[in-house]
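Heads up, the thing below is written out as structure tokens.
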Amino acid sequence: MKEGAEHIEGAKEVLKGRNVKITVKFLRHGERTKEGELTEYGREITRTRAQESGITAEDFDAVKAIGSNADPKQPSGMGRALETADIYAHEIVGDEAFNTRTNDILNYKTLITKPPYDHIGIYNSNLPENFSELPDEEKAVAAKKAQTATVNHLLSLTGPEADAYKKEVAGSFAYVVDHYMKMAKRLNEGSQVLIPAGTHGGTMELLLQQAMVHGDKDGNKKVGFTDISEIGGEMNPSDSYNVDIATDERGEYKTLKVLFDSPGRPQEEMYLDVDRVKELAGYYQELHKAEGTRE
């Protein structure tokens with residue numbers, strides 16, 4: 001990592017929050033078993049994705065993995081999403097990665113609003129009966145079809161219950177973005193930080209669905225999308241998108257740029273509507289204020 005990484009936290013510097021960049025990489029967990037455990041194939045694909053990213057240890061002062069710890073069944077003691085983020089971080093910087101930590105906000109099991117559908121039931125019903133016996137590559141193809149059906153079902157739901165659920169999920173991701181926006185103001189001038197944030201398919205798409213500004217088919221800017229195909233489909237295992245939280249030389253925020261890692265997804269200029277992010281984060285915080293939000 002860059003020289004001076006030890007000064008990212010706790011150092012007493014005169015200048016704070018100027019020319020800072022925090023890249024939050026929302027990363028879907030790797031390929032899993034039907035029971036929700038990360039597979040060795042999934043671990044290898046995550047390492048490959050990190051290698052293909054072109055990111056090196058010299059690009060950042062610090063790399064800190066966070067993530068959902070739902071279903072901690074892995075030998076590592078981590079849930080599939082948290083371990084995926086941990087693998088990604090260590091593939092980039094090895095033992096120089098900061099300690100990986102749980103972020104309950106990214107854990108779908110901490111949501112207050114009742115899901116308007118049975119995610120696991122729909123997913124598993126779309127897997128072939130012999131899924132467990134398939135070779136890894138065929139499992140990946142079958143899992144892709146099941147995930148596509150599940151996410152499309154969620155996005156097709158309408159009504160107050162579905163809208164409230166989607167808004168809370170989007171709000172949880174917005175809250176994480178807002179948290180790191182505030183942190184950017186506290187970091188030393190020139191700090192560069194990468195946050196691999198392990199999470200789940202069917203949740204990470206909803207921040208984009210409700211807050212991403214991009215071009216429509218006529219080239220006009222619009223907020224959000226109505227069809228998952230507008231972002232190249234649902235997020236695949238070990239797939240990710242980045243939200244760049246950056247400040248200028250005066251410490252003012254730059255645009256919240258969004259960039260997909262997969263070259264097969266849109267590569268146009270995209271960003272998050274900051275007012276919408278604040279609104280969604282506030283909605284999430286209000287829902288969870290009785291129990292307190294957990295970083």
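Residue numbers count from 1 along this sequence. Bear in mind the structure is a predicted one, so any value in this text is a computation, not a measurement.
Cation-pi check for K34 over F131 is not met; the charged atom does not lie both under 6.0 angstrom from the ring centroid and within 45 degrees of its normal.
A donor-acceptor pair under 3.5 Å links the side-chain atoms of E268 to the main chain of G215, judged by distance alone. In this structure, D118 contributes its side chain and I122 its backbone to no donor-acceptor pair below 3.5 Å. A donor-acceptor contact shorter than 3.5 Å is absent between the side chain of N188 and the backbone of S191. For the pair K254 (side chain) and I245 (backbone), a donor-acceptor distance under 3.5 Å is absent. Side chain of T33 to main chain of G36: a donor-acceptor pair is present (N/O by atom type, distance under 3.5 Å, no hydrogens or angles). Proximity of a side-chain donor or acceptor of T39 to a complementary backbone N or O of R32 within less than 3.5 Å is not detected. In this structure, E168 contributes its side chain and I112 its backbone to a donor-acceptor pair below 3.5 Å. Judged by distance alone, with hydrogens and angles left aside, the side-chain atoms of E205 form a donor-acceptor pair with the main-chain N or O of M235 at under 3.5 Å. Of the possible polar contacts, one joining the N152 side chain to the T148 backbone as a donor-acceptor pair under 3.5 Å is found. Counting only distance, with no hydrogens or angles, the side chain of R276 and the backbone of Q210 share a donor-acceptor pair below 3.5 Å.
Summarising the local packing, NZ of K222 is surrounded by more than 12 heavy atoms from other residues, nucleotides or ligands at distances under 6.0 Å. The local environment of CD in Q51 is crowded, with over 12 non-hydrogen atoms from other residues, nucleotides or ligands closer than 6.0 Å. Dense packing is recorded around CG of N130, with more than 12 heavy atoms of other residues, nucleotides or ligands lying under 6.0 Å away. At most 12 non-hydrogen atoms from other residues, nucleotides or ligands lie less than 6.0 angstrom from CD1 of I120.
Salt bridge annotation for K109-D71: present, with a cationic side-chain nitrogen under 4.0 angstrom from a carboxylate oxygen. Taking 4.0 Å as the cut-off between side-chain N and carboxylate O, R43 and E83 count as a salt-bridged pair. Taking 4.0 Å as the cut-off between side-chain N and carboxylate O, R265 and E230 do not count as a salt-bridged pair. Between R49 and D239 there is no salt bridge, since no side-chain N of the basic residue sits under 4.0 Å from a carboxylate O of the acidic one. Salt bridge status for K278 with D178: present, with a side-chain N to carboxylate O gap under 4.0 Å.
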Please walk me through it: do K16 and R186 pass side-chain contact (heavy atoms from CB on, under 4.5 Å)? CA-CA 6 Å; K16 299 285 184 179; R186 303 197 298 267; 5.8 Å; no
Do T100 and I66 pass the side-chain contact (heavy atoms from CB on, under 4.5 Å) test, and can you show the C-alpha distance, the side-chain angles, and the key distance before you say yes or no? CA-CA 6 Å; T100 296; I66 64 172; over 6 Å; no
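Of all non-hydrogen atoms in G77 and P72, the two that sit nearest each other are O-CB, 3.6 Å. Between K64 and P196, the shortest heavy-atom distance links the atoms O-CD, 3.3 Å.
How far CG of D104 is from OG of S172: 11.5 Å, rounded to the nearest 0.5 Å. How far CG of L206 is from CG of L280: 10.0 Å, rounded to the nearest 0.5 Å.
Between H179 and Y175, the ring center distance fails the sub-6.0 Å criterion.
Ring orientation note: the planes of H214 and F225 are nearly perpendicular, at an angle over 60° on the 30°/60° scale. The aromatic rings of H288 and Y284 lie parallel to each other, their planes meeting at an angle below 30°, with 60° marking the opposite boundary. Taking the six-membered ring where tryptophan is involved, the planes of F26 and Y241 are tilted, since the angle between them lies from 30° to 60°. Note: H200 and Y108 have perpendicular aromatic rings, judged against thresholds of 30 and 60 degrees for the angle between ring planes.
Contact check for N242 versus V258: no side-chain heavy atoms found under the 4.5 Å cut-off. Counting heavy atoms from C-beta on, the side chains of S53 and D261 never come closer than 4.5 Å.
N107 and T110 are not linked by any side-chain donor-acceptor pair at a separation below 3.5 angstrom, with hydrogens and angles left out of the test. Side-chain contact check for T23 and D244: at least one donor-acceptor pair (N or O, by modelled atom type) lies under 3.5 Å. For the residue pair S68 and T199, no side-chain donor N or O sits within less than 3.5 Å of a side-chain acceptor on the partner. Side-chain contact, K144 with N236: a donor N or O sits under 3.5 Å from an acceptor N or O.
When the side chains of ILVMFWY residues are joined at heavy-atom separations under 4.5 Å, either directly or via intervening members, V274 and Y271 end up in two distinct hydrophobic clusters. In terms of hydrophobic clustering, with Ile, Leu, Val, Met, Phe, Trp and Tyr side chains grouped at heavy-atom distances under 4.5 Å, I228 and M212 are assigned to a common cluster.
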